[in-house]
There are 2 protein chains.
Amino acid sequence: MKKHLPDWPKTLKRTKPRLKIFAVLEEATEPLSAARIAELTKSPDKKSWYSTVYRVLNTFLEHDLVIKTSVSGSEAQLFEINRKDHHQHYARCEICDQITPIDICPIEEITDSLDGFRVMSHRLELSGVCRHCDEVAKQA
Amino acid sequence: MKKHLPDWPKTLKRTKPRLKIFAVLEEATEPLSAARIAELTKSPDKKSWYSTVYRVLNTFLEHDLVIKTSVSGSEAQLFEINRKDHHQHYARCEICDQITPIDICPIEEITDSLDGFRVMSHRLELSGVCRHCDEVAKQA
DNA sequence: TTCTATGCAAATATTTTGCAACTCT
DNA sequence: AGAGTTGCAAAATATTTGCATAGAA
């Protein structure tokens, strides 16, 4: 599946922290917390970074480069690249809390059935039991 | 339209704070932050309350009475009643707030693609512009 | 050069925890 | 009575802000 990345706005300076954070988000396979991003972007010597991470993320949000995601039942705020063509959806395991990306998005099909309603954004949340925990449960 | 509220688990004590918080969530038309809930539930004299609010919300989460939501706009974590098993989904118009029922539910199809993940609950939210507002907008 | 973003530290805001007193069942 | 909850205060986290300096255009 081809993922479409958002364009970098021409008015946005390409600073080192921004590019680094963008790269980290781009490679991520799941939404990241600010803390995780800070960790993934900091060099061995530097320490704090948090203010920059938050400022960059907020800037990205304003420019629609990223979106805040809600995975119900989780910790702090999570961020992910805003892949315009369709937002990624996730299924969360109620037992191990692991997040599984959902690769198919039903939005087209649904849109067709809506008779004139123009969908601007959508969100799908699944919650249940992942294959692994299910098997463990069966054995017990 | 009949809204189905989650059942109160028999093992959950019906304490005053819990019942109050549940009532507030039940009446809410949008997800609420912990701070907002604290405000809506506190009596004129009492002040802090936060620890109780968070503890109750976490208890509710464990019992699947509520779900956490976060909105791209910003802010902290938001909570709302988990109106389960209700297979009907809706699309909300961003302009007139009117709700359009979605007649098809894609959950089967998605479940099939998940390879072993057992879906216990799901939520689908659409937001956009309804046919009527879209036509009005075109004329302007 | 000029203007904005960064790094750092310090301020806020949010969420969690320990513990004695209190309430449901 | 007994188990589990609340209220309060204080701790731990998470997020934001002020300001001097560094960096991009």
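Chain letters run A, B, ... following the sequence lines, proteins first, then strands; residues in each count from 1.
Taking both residues in full, the closest heavy atoms of B/Trp49 and B/Lys42 are given as CD1-CB, 3.8 Å, listed atom of the first, atom of the second, then distance. Nearest heavy-atom pair across B/Ile81 and B/Pro6 is CG2-CD, 3.7 Å. The shortest heavy-atom contact between A/Arg14 and A/Trp8 is NH2-CB, 3.7 Å. Scanning all heavy atoms of the two residues, the minimum distance from B/Leu78 to B/Pro31 falls at CB-CB, 3.7 Å. Contact record, A/Asp7 with A/Leu65: O-CD2, 3.4 Å, taken as the closest heavy-atom pair.
Between the CZ atom in A/Phe60 and the CZ atom in A/Phe79 there is a gap of 11.5 Å [rounded to 0.5 Å]. To the nearest 0.5 Å, atom OG1 of residue B/Thr41 and atom CZ of residue B/Arg18 are 14.0 Å apart. Taking CG from B/Leu32 and CD from B/Glu27, the interatomic distance works out to 10.5 Å, rounded to the nearest 0.5 Å.
The distance between atom CG of B/Leu61 and atom C1' of C/dT16, rounded to the nearest whole Å, is 14 Å. The NZ-C1' distance, from B/Lys42 to D/dT6, rounds to 17 Å in whole Å. Taking atom CZ of residue B/Arg36 and atom P of nucleotide C/dT15, one finds them 15 Å apart after rounding to whole Å. Summarising the geometry, the separation between CH2 on B/Trp49 and C1' on D/dA9 is reported as 17 Å, rounded to the nearest angstrom. Going from atom CZ of A/Phe79 over to atom P of D/dA14 covers 13 Å, rounded to whole Å. Residue B/Lys20 contributes atom NZ, which lies 12 Å from atom P of D/dG7 at whole-angstrom precision. Taking atom CD1 of B/Ile21 as the reference point, atom C1' of D/dT5 lies 12 Å away to the nearest angstrom.
Counting heavy atoms from C-beta outward, A/Phe22 and A/Val66 have side chains that stay 4.5 Å or more apart. In this structure the side chain of A/Val56 never reaches within 4.5 angstrom of the side chain of A/Thr15, judged on heavy atoms.
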I'd like a list of close polar pairs between nucleotides 17-22 of chain D and the protein, N/O only, cut-off under 3.5 Å.
| unit_1 | atom_1 | unit_2 | atom_2 | d |
| --- | --- | --- | --- | --- |
| D/dG18 | O6 | A/Arg55 | NH1 | 3.3 |

N/O-N/O pairs, protein side and nucleotides 23-25 of chain D side, under 3.5 Å:
| unit_1 | atom_1 | unit_2 | atom_2 | d |
| --- | --- | --- | --- | --- |
| D/dA25 | OP1 | A/Arg14 | N | 3.4 |

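For the OP1/OP2 pair of D/dT16 and a distance below 4.0 Å, the side-chain nitrogens and oxygens of A/Asn58 include at least one atom meeting the criterion.
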Please assess A/His63 against A/Thr11 for the test side chain to side chain contact (heavy atoms under 4.5 Å, CB included), listing each intermediate value before the final yes or no. CA-CA 10 Å; A/His63 289 269; A/Thr11 56; 4.0 Å; yes

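Rotation axes derived from the C1' atoms of the five outermost pairs at either end of the helix from C/dT1-D/dA25 to C/dT25-D/dA1 lie 60° apart, to the nearest 10°.
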